[in-house]
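Since the structure comes first, as structure tokens, the remarks are kept for the end.
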Amino acid sequence: MINIAIVEDEEAASDLITGYLKDFGKKEGEEFNISVFRNAIVFLENYKPVYDLVFMDIMMPGMDGMSAAKKLRDIDKLVLLFFITNMGDYAVKGYDVGAIAFIKKPVTYYDFELKMKRAVFTIRSRDDRVITISSSGNRIRLMVRDIVYVEVLGHVCTFHTVEEDIECRNALRDVAKLLEPYDFMMCSSSFLINPNYIKRINVHTVTVGTTELEISRLKKKAFLLHFNEWLAKGGNI
């Protein structure tokens with residue numbers, strides 16, 4: 001099931017997109033859970049990162065689609081974004097907020113179908129490479145490939161990603177179970193490492209990205225064995 005939000009103030013336009021989605025689903029064998037919002041403010045209010053794809057009208061009262069997209073990216077960097085517009089001069093700004101496509105009004109099914117095939121392919125290809133964590137009361141989705149390492153100190157768990165550090169409250173064993181399918185490795189009771197970012201392994205330390213982490217004596221044998229097994233099967237998550 002693919003979750004889709006349509007943020008469009010014109011009922012006729014949202015009905016057209018909804019109809020196209022139903023037709024596309026029947027043709028391609030996909031199921032869509034569709035939610036329609038009449039304005040961006042309502043859409044963003046109490047937003048949860050449960051959507052795979054958002055259709056966003058640019059010209060809306062109250063808050064325009066471009067402003068809404070910037071706020072959306074602050075809380076959900078992974079959701080795919082389609083802009084719906086009757087103007088052609090928003091392309092550069094749209095790509096600044098990670099829009100993957102523009103659909104120009106009046107929307108034709110041919111154009112819609114081409115862009116939806118690409119979107120569905122992207123969604124399906126990353127289905128099993130995304131995890132969801134809770135941070136400061138918000139649900140956040142993370143691409144596994146963007147996690148460099150996870151650090152646990154006391155009750156605070158920090159996901160060190162390529163872009164930022166995100167804190168939450170999780171036990172390391174729970175995070176280890178969540179990341180187990182992706183070969184994350186425990187070098188000590190405080191660190192869980194993405195092997196793709198390992199640059200060097202010394203006697204007592206491992207360099208992950210630009211950070212040097214300690215390898216504990218108790219974890220060293222299992223850590224090195226796990227790393228060698230990962231290399232043997234191709235070295236990829």
Side-chain angles (χ1 to χ4, degrees), residues 1-61 63-66 68-88 90-91 94-95 97-133 138-146 178 181-182 237:
M1 179 75 72
I2 293 176
N3 294 319
I4 296 177
I6 301 173
V7 187
E8 168 64 71
D9 63 309
E10 297 179 6
E11 186 174 353
S14 63
D15 286 348
L16 182 65
I17 296 296
T18 299
Y20 281 174
L21 284 169
K22 291 179 180 178
D23 292 341
F24 181 88
K26 289 178 182 178
K27 184 177 179 180
E28 301 294 328
E30 295 287 349
E31 291 187 45
F32 301 122
N33 179 31
I34 305 169
S35 301
V36 178
F37 299 86
R38 286 285 168 244
N39 66 72
I41 296 173
V42 172
F43 170 65
L44 291 171
E45 190 176 39
N46 301 317
Y47 178 87
K48 298 291 188 298
V50 297
Y51 299 106
D52 301 294
L53 173 62
V54 174
F55 288 88
M56 180 81 73
D57 186 21
I58 289 183
M59 302 303 294
M60 290 185 292
M63 181 186 293
D64 65 84
M66 200 62 67
K70 291 178 181 178
K71 292 182 179 296
L72 174 63
R73 283 298 177 227
D74 288 338
I75 50 180
D76 193 344
K77 291 180 172 60
L78 295 182
V79 65
L80 301 186
L81 180 61
F82 278 10
F83 275 126
I84 308 170
T85 179
N86 52 16
M87 303 174 70
Y90 282 96
Y95 293 121
V97 292
I100 67 167
F102 284 77
I103 300 178
K104 193 170 182 179
K105 294 180 179 179
V107 182
T108 66
Y109 184 78
Y110 177 75
D111 184 34
F112 174 87
E113 183 180 41
L114 289 177
K115 291 177 170 64
M116 273 302 297
K117 284 184 177 180
R118 188 172 66 196
V120 170
F121 175 81
T122 301
I123 292 166
R124 292 305 183 200
S125 66
R126 73 183 190 184
D127 271 353
D128 62 346
R129 297 176 187 271
V130 177
I131 64 169
T132 303
I133 63 172
N138 297 316
R139 299 287 287 171
I140 298 175
R141 287 187 293 195
L142 295 177
M143 292 289 289
V144 172
R145 70 186 181 200
D146 291 339
L178 182 65
Y182 310 105
I237 284 183

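In what follows, every heavy atom counts, from backbone to side chain, and hydrogens, waters and symmetry copies are set aside.
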Run the side chain to side chain contact (heavy atoms under 4.5 Å, CB included) test on Val79 and Arg73 for me, step by step, so that the C-alpha distance in whole Å, both residues' side-chain angles and the decisive distance to 0.1 Å come before the verdict.
CA-CA 8 Å; Val79 65; Arg73 283 298 177 227; 3.4 Å; yes
Ring-plane angle category for Phe43 and Tyr47, please: parallel below 30°, perpendicular beyond 60°, tilted otherwise.
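Perpendicular.
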Residues in side chain to side chain donor-acceptor pair (under 3.5 Å) with Asp64, at least two apart?
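Asp64 satisfies side chain to side chain donor-acceptor pair (under 3.5 Å) with Ser67 once adjacent residues are dropped.
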Rounded to the nearest 0.5 Å, how far apart are [atom1] of [X] and [atom2] of [Y]?
X: Thr18; Y: Lys22; atom1: OG1; atom2: NZ; answer: 6.5 Å
X: Ile131; Y: Met143; atom1: CD1; atom2: CE; answer: 11.0 Å
X: Lys71; Y: Met66; atom1: NZ; atom2: CE; answer: 14.5 Å
X: Glu10; Y: Asp15; atom1: CD; atom2: CG; answer: 11.0 Å
X: Met63; Y: Ile41; atom1: CE; atom2: CD1; answer: 5.0 Å
X: Ile17; Y: Ile103; atom1: CD1; atom2: CD1; answer: 5.0 Å

For the student: nearest non-hydrogen atoms of [X] and [Y], plus distance:
X: Ala119; Y: Leu80; result: O-CD1, 3.6 Å
X: Val54; Y: Val7; result: CG1-CG2, 4.1 Å
X: Leu21; Y: Ile6; result: CD1-CD1, 4.2 Å
X: Ile123; Y: Asp52; result: CD1-CB, 3.7 Å
X: Met56; Y: Ala69; result: CE-N, 4.4 Å
X: Phe24; Y: Val120; result: CE2-CG2, 3.9 Å

Under the criterion side chain to side chain contact (heavy atoms under 4.5 Å, CB included), I'd like the reasoning laid out for Ile84 against Glu8: C-alpha separation, chi angles, the key distance, then a yes or no.
CA-CA 8 Å; Ile84 308 170; Glu8 168 64 71; 4.2 Å; yes
Answer yes or no: is there a side-chain heavy-atom contact under 4.5 Å between Arg124 and Ile2?
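Arg124 reaches Ile2 side chain to side chain.
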Close side-chain approach of Glu11 to Arg38, heavy-atom, < 4.5 Å:
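Contact flag for Glu11/Arg38 side chains = yes.
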Contacts table for residues 109-117: side-chain donor-acceptor under 3.5 angstrom, sequence neighbours left out:
unit_1, atom_1, unit_2, atom_2, d
Asp111, OD1, Lys115, NZ, 2.4
Asp111, OD2, Lys115, NZ, 3.4
Glu113, OE2, Lys27, NZ, 2.6

Partners meeting side-chain contact (heavy atoms from CB on, under 4.5 Å) with Asn33 (sequence neighbours left out)
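If we apply the side-chain contact (heavy atoms from CB on, under 4.5 Å) test to Asn33, skipping adjacent residues, the hits are Met1, Asn3.
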Where do Asn39 and Asp9 land on the side chain to side chain contact (heavy atoms under 4.5 Å, CB included) test, with the steps shown first?
CA-CA 6 Å; Asn39 66 72; Asp9 63 309; 5.9 Å; no
Worked check of side chain to side chain contact (heavy atoms under 4.5 Å, CB included) between Asp76 and Tyr51:
CA-CA 9 Å; Asp76 193 344; Tyr51 299 106; 5.8 Å; no
Would the number of heavy atoms belonging to other residues, nucleotides or ligands and lying under 6.0 Å from NZ of Lys105 be above 12?
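Correct, the count exceeds 12.
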